[in-house]
Protein chains: 2
Amino acid sequence: MRKISDSTIRRLSVYLRFLEQAKSPTISSGELARLGGTTSAQVRKDLSFFGSFGKRGLGYSVPELTRRIRDILGLERGYRVVLVGAGRMGGALVQYHGFRQRGFHITAIYDQDSRKIGSRWNGLVVRDVKHLETDLKKDPSDIAIVATPAESAQHVVDRLVRSGVKAILNFAPVPLNVPPDVEVKTVNMALELETLSYSLANR
Amino acid sequence: MRKISDSTIRRLSVYLRFLEQAKSPTISSGELARLGGTTSAQVRKDLSFFGSFGKRGLGYSVPELTRRIRDILGLERGYRVVLVGAGRMGGALVQYHGFRQRGFHITAIYDQDSRKIGSRWNGLVVRDVKHLETDLKKDPSDIAIVATPAESAQHVVDRLVRSGVKAILNFAPVPLNVPPDVEVKTVNMALELETLSYSLANR
DNA sequence: TTCTGTGAATAGGTTCACAGCT
DNA sequence: AGCTGTGAACCTATTCACAGAA
């Protein structure tokens, strides 16, 4: 398959959010653009990589386009997600409603700290991270969320990769090394604040 | 000032993190690149937008480059940050060590929910969001973090903008409208998972 | 010799503009 | 007439490659 840019995928995801809230049966590229903060040409180009979903003179059928984008993004199948790191951030993520809503189900939580192990979080019992490999062998997961301290992140990731995890959402503030068939997305909040600092400093 | 791309700024922020951990007194663009997951040419180009900080044949002085990047990013001055939304995510952010470490001080927390108002969070008392404008008039902040539900985010942002906030880090999963002199960075975690879903679906 | 600094070349993403359906 | 689909033009970011300083 043709290489699609990350920004296109992110925009599709944004369009999807608005399609799901749309009231009218059809929507134009211009309207989607306005909602998603982009241009109508961009919307049409983004969609054109995957096919021709619209009707000229009319726009896009909301239910059809919704279905198509969900399909492109692979959201139909639903995912089992394991979370490593039961700190504050892990806690927020477990509760985060947006994940479940989108078909991402957190099925297990791991931590190192014996004070956390055994406690219940949103219906899940925090397990000792030493069980990570054996658990994943029994119940594989495609996606893991890493919310550990920076120091342990790479080690945890190595173990996840060995256990067959293919995609990792990383909240630890370090770039992670993984083999080319594994996808990592790092969310670094301090870094986001620093870009804001830069824009404040340069005006 | 010449327009610098967001990706350059983000990489500077990554380099800075490694410079602060570096042990040797000098470092080459190749080494910084390896640590930061990029190329040596990229490192040199990024830095060249702001000056010539290295010595040919030698590399960059770690303390000097650290200072220069902190200066470029505007991190020397320190920032007062207000947080709106005392939910799970807000709680995680208040505790997040990376912020304080980098000179971002959360000075107030606001919420709408009377059950949360008055409770202590990390030494701060959660205040009723109705005091937002009067508080900001007394003690202005340049930066706000918005961690409210999607529905209230735009309204909160309008009030922040009217109160003189110039930079917003948004965790609500909606694009926000702000005047051109205000900078917004949105972190949307469900969206990050969706890009991972896409890459799993297309292999 | 090593490693920076930087124009030039390349690649990639966005916008334009218009032909072609409905 | 309205709005899509898309090649072409444009613009921006990355990579190359090499001259030049330590």
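In what follows, chains are A, B, ... by sequence order, proteins preceding strands, each numbered from 1.
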message = For residues 49-59 of chain B, which residue pairs pass the side-chain hydrogen bond (donor to acceptor under 3.5 Å, both in side chains) check, not counting sequence neighbours?
response = none
request  = Take the protein atom NZ of Lys45(A) and the nucleotide atom P of dC11(D), then report the distance between them rounded to whole Å.
outcome  = 16 Å
message = Using OP1 and OP2 only, check whether a side-chain N or O of Gln42(A) sits under 4.0 Å from dT15(C).
response = yes
request  = Identify which nucleotide among dA13(D), dT6(D), dT4(C) has an atom closest to any side-chain atom of Ser48(A), counting heavy atoms from C-beta outward.
outcome  = dT6(D)
message = What is the separation between atom CG on Asp46(A) and atom P on dT15(C), rounded to the nearest whole Å?
response = 10 Å
remark   = Sequence neighbours excluded, the answer for side chain to side chain contact (heavy atoms under 4.5 Å, CB included) partners of Arg68(A) is Phe53(A), Glu64(A)
remark   = Between CZ of Phe49(B) and P of dT15(D) the distance, given in whole Å, is 12 Å
note = The side chain to side chain contact (heavy atoms under 4.5 Å, CB included) partners of Ala201(B) (sequence neighbours excluded) come to none
message = If the condition is ring pair (Phe, Tyr, Trp, His ring centres under 6.0 Å), which residues does Tyr110(A) pass it with, not counting sequence neighbours?
response = none
Non-neighbouring partners of Thr148(A) that pass side chain to side chain donor-acceptor pair (under 3.5 Å), sequence neighbours left out = none
key: dG5(C) phosphate, OP1 or OP2, under 4.0 Å from Tyr60(B) side-chain N/O   = yes
query = Without hydrogens or angle criteria, can the side chains of Tyr60(B) and Thr26(B) be said to hold a donor-acceptor pair below 3.5 Å?
reply = no
remark   = side chain to side chain donor-acceptor pair (under 3.5 Å) filter on Thr186(A), not counting sequence neighbours, yields Asn170(A)
note = When rounded to whole Å, the CZ to P distance for the pair Phe50(A) and dT6(D) reads 13 Å
task = Mind calculating the distance between CZ (Arg10(B)) and P (dT14(D)) to the nearest angstrom?
result = 12 Å
query = Can you name the side chain to side chain donor-acceptor pair (under 3.5 Å) partners of Asp142(B), sequence neighbours left out?
reply = Arg77(B)
ask   = How long is the line joining CG of Leu65(A) and C1' of dG5(D), in whole Å?
value = 14 Å
inquiry  = Without decimals, in angstroms, what is the distance between Leu47(B) CG and dA13(D) P?
reply    = 16 Å
ask   = Tell me, which of residues 26-40 of chain B have any heavy atom that sits under 4.0 Å from an atom in DNA chain D?
value = Thr39(B)
request  = Establish, from distance only, whether the side-chain atoms of Asn188(A) and Glu192(A) form a donor-acceptor pair under 3.5 Å.
outcome  = no
note = Between CZ of Phe53(B) and P of dG5(C) the distance, given in whole Å, is 9 Å
remark   = Residue set satisfying side chain to side chain donor-acceptor pair (under 3.5 Å) with Gln95(B), at least two apart, ordered chain then number -> none
message = What does the B/S/- profile of nucleotides 17-22 of chain D look like, 5' to 3', with a 4.0 Å heavy-atom cutoff to protein?
response = B-BBBS
ask   = What residues form a ring pair (Phe, Tyr, Trp, His ring centres under 6.0 Å) with Tyr96(B), not counting sequence neighbours?
value = Phe99(B)
inquiry  = Please give me every residue in residues 179-187 of chain A whose heavy atoms get under 4.0 Å of an atom in DNA chain C, ordered by residue number.
reply    = none
